[in-house]
Amino acid sequence: MSQESCLGPAASRLLDEELAALAGDIDRENRVPDSLIEKAAAEGLFDIGSVECLLQAVRRASRFSRGFAHVLLVHGSCRLAVGGEGRVYALGITEAGGGTDVRANIATRAEELGGGSYRLEGMKYFTSNALYASHFVVLALAGEEPALFLCEKQPRIRVEPLDLSGFRGSGVGKVVFDGAVCERLTEPGVDGVRAALGYINVGRLGYASLALGIADRAIEVIVEAASSKRVFGKRLLDYQGVQWRIASIAARRAALESLVVSALDGGGRVDPEKAAMAKVLGGELALEAAWSAVQILGGRGLAMWGEAERMYRDAKVIDIGEGAKEVLMDYIAGRTVKKVLGSRG
Ligand SMILES: Cc1cc2nc3c(=O)[nH]c(=O)nc-3n(C[C@H](O)[C@H](O)[C@H](O)COP(=O)(O)OP(=O)(O)OC[C@H]3O[C@@H](n4cnc5c(N)ncnc54)[C@H](O)[C@@H]3O)c2cc1C
């Protein structure tokens, strides 16, 4: 990693060594052990105070477990916005109608009870961290206005786990709010969908950081495998076809790293256009890196639950989560065209 690490030695060791040892089980069982969450919390990984440091932790964790890296990302992006109350935060925006057109698909409703409290009825889909959450940040309609709410875990919130092929262990679930009593986070008159975009923009840089972690690890896997294998009398690593794969991943990784840094202003604000670009390029980098790792390992790379195979399953999520690639491409194109045509666009 080129940036100086903001993580202490114990947290770094946890993300490098302990996570490497646990990553296979997290993927297979689709669950992060409570003991790992507790240990990570004790090492400060659940109270990271800046976007920059959060992204570093996500990238480092992502080398071995995208599931756990995603737990850190979702919790961290909520905590940076909401503050320190929650032990583990989850963010419920997407509903059964789909995550692309968020505004059109909000069916969860909030009824005012007085004293700042609201009663929530509805269902959220693909809520990461749902299995571990102490608190849920939820998008719901207060009357006709989308607003964000904070709900502490309670019997009137029911979580059903989802079994996805990628980012296993990220605690994704369907969450039913059956009269849950929650507090309103956004003031009346503030658009909750716009407010949610603040979390999502950090999330998009987080997805780019997940991709950087995949690229970091894929390069190691490729170099280790190709240097220990001989084909037609020379090391696999000595073939140009292998070297060019490594060069391509390394060059794109360096470019993405710079883009992520340039999307941050140092004060916690994120440039939304660069965040969208970083997520799109992150999806491409992760798929290229994971594809190459599987290819260079050959048949061994296809072993079910193996490290390269897991990378490949996880890489695809980066194109979908935090906004599908096509939607972000539309957004980037719109902004780019406007810069050329101005009001004529
Ligand atoms: C692992 C994982 C974790 C997630 N965690 C969370 C979470 O914590 N909280 C949360 O609220 N949500 C979460 N999500 C949901 C995520 O944000 C949505 O999956 C994402 O926004 C896409 O929505 P969708 O899957 O409903 O796809 P849909 O909205 O149904 O879209 C389906 C497909 O349509 C295509 N498409 C859409 N729009 C266009 C267009 N304009 N042009 C061309 N093609 C288009 C895309 O290929 C897209 O993949 C998570 C998803 C995953 C996979």
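What you see below is based on every heavy atom in this structure, not just the backbone, and it leaves out hydrogens, waters and symmetry mates. It should be emphasised that the depicted structure is a prediction, and the values quoted were computed from it without experimental measurement. Counting starts at 1 for both ligands and their atoms, following the listed order.
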Next on the checklist: With heavy-atom distances below 4.0 Å as the criterion, list the atoms of ligand 1 near Ile93.
Outcome noted: 10 (C), 11 (O)

Checklist entry - Is it the side chain, the backbone, both or neither of Lys124 that has a heavy atom closer than 4.0 Å to ligand 1? => result neither

Item to check | Minimum-distance protein heavy atom relative to atom 24 (P) of ligand 1 | outcome: Gly99 N, 3.5 Å

Item to check | CZ (Arg313) with more than 12 external heavy atoms under 6.0 Å | outcome: yes

Checklist entry - Do Arg184 and Tyr118 have side-chain atoms, one donor and one acceptor, less than 3.5 Å apart? => result yes

Next on the checklist: Between ligand 1 and Phe126, is the shortest N or O to N or O distance under 3.5 Å?
Outcome noted: yes

Next on the checklist: Applying a heavy-atom cut-off of 4.0 Å, say which part of Ile320 lies close to ligand 1: side chain, backbone, both or neither.
Outcome noted: both

Checklist entry - So which protein heavy atom does atom 32 (C) of ligand 1 come closest to, and at what separation? => result Thr100 OG1, 4.7 Å

Checklist entry - Taking everything shown except Arg217 itself, do over 12 heavy atoms lie less than 6.0 Å from its CZ? => result yes

Checklist entry - Between Leu236 and Val242, what is the shortest heavy-atom contact and its length? => result O-CG2, 3.4 Å

Checklist entry - Shortest non-hydrogen contact from Ala69 to Leu210? => result CB-CD2, 3.5 Å

Checklist entry - Which residue and non-hydrogen atom of the protein lie closest to atom 39 (C) of ligand 1, and at what distance in Å? => result Val327 CG2, 4.0 Å

Checklist entry - Is Asp319 paired with Lys279 through a side-chain N to carboxylate O contact shorter than 4.0 Å? => result no

Item to check | Under 4.0 Å to a heavy atom of Gly323 - the qualifying atoms of ligand 1, by number | outcome: 21 (O)

Checklist entry - Which atoms of ligand 1 sit under 4.0 Å from any heavy atom of Glu322? => result 17 (O)

Next on the checklist: For atom 30 (O) of ligand 1, what is the closest protein heavy atom, and at what distance to 0.1 Å?
Outcome noted: Gly98 CA, 4.2 Å

Checklist entry - Is it true that Val317 lies under 4.0 Å from ligand 1, counting heavy atoms only? => result yes

Checklist entry - When you check the gap from the basic side-chain N to the acidic O, do Lys325 and Glu284 get nearer than 4.0 Å? => result yes

Next on the checklist: Tell me the nearest of Asn129, Val74, Thr94 to atom 16 (C) of ligand 1, using heavy-atom distances.
Outcome noted: Thr94

Checklist entry - Is any NZ, NE, NH1 or NH2 atom of the basic residue among Arg269 and Asp265 found under 4.0 Å from an Asp or Glu carboxylate oxygen of the other? => result yes

Checklist outcome for this item: Looking only at protein heavy atoms, what sits closest to atom 9 (N) of ligand 1 is Leu91 O, 2.7 Å

Item to check | atom 50 (C) of ligand 1 touched by protein heavy atom at under 4.0 Å | outcome: yes

Item to check | Heavy atom of the protein closest to atom 46 (C) of ligand 1 (residue, atom name, distance) | outcome: Glu326 OE1, 3.3 Å

Checklist entry - If you measure every N/O of His70 against every N/O of ligand 1, is any gap under 3.5 Å? => result no

Next on the checklist: Just to confirm my output: which protein heavy-atom neighbour is closest to atom 48 (C) of ligand 1, and how far is it?
Outcome noted: Ala324 CB, 3.5 Å

Checklist entry - Any protein heavy atom under 4.0 Å from atom 4 (C) of ligand 1? => result yes

Checklist outcome for this item: When distances are taken from atom 41 (N) of ligand 1, the protein heavy atom at minimum range is Asp330 OD2, 3.1 Å

Item to check | Arg245 backbone acceptor or donor facing Ser248 side chain under 3.5 Å | outcome: no

Item to check | Verdict with reasoning, Glu288 to Arg252, per salt bridge (charged side-chain N to carboxylate O under 4.0 Å, His left out) | outcome: CA-CA 10 Å; Glu288 179 188 358; Arg252 286 164 212 266; 3.1 Å; yes

Item to check | Parallel, tilted or perpendicular: ring planes of Phe167 versus Tyr207, cut at 30 and 60 degrees | outcome: tilted

Item to check | Protein contact for atom 12 (N) of ligand 1 (heavy atom, distance under 4.0 Å) | outcome: yes

Checklist entry - At the 4.0 Å heavy-atom cut-off, does Ser170 count as touching ligand 1? => result no

Next on the checklist: Between Arg31 and Asp25, does any side-chain N to carboxylate O distance fall below 4.0 Å?
Outcome noted: no

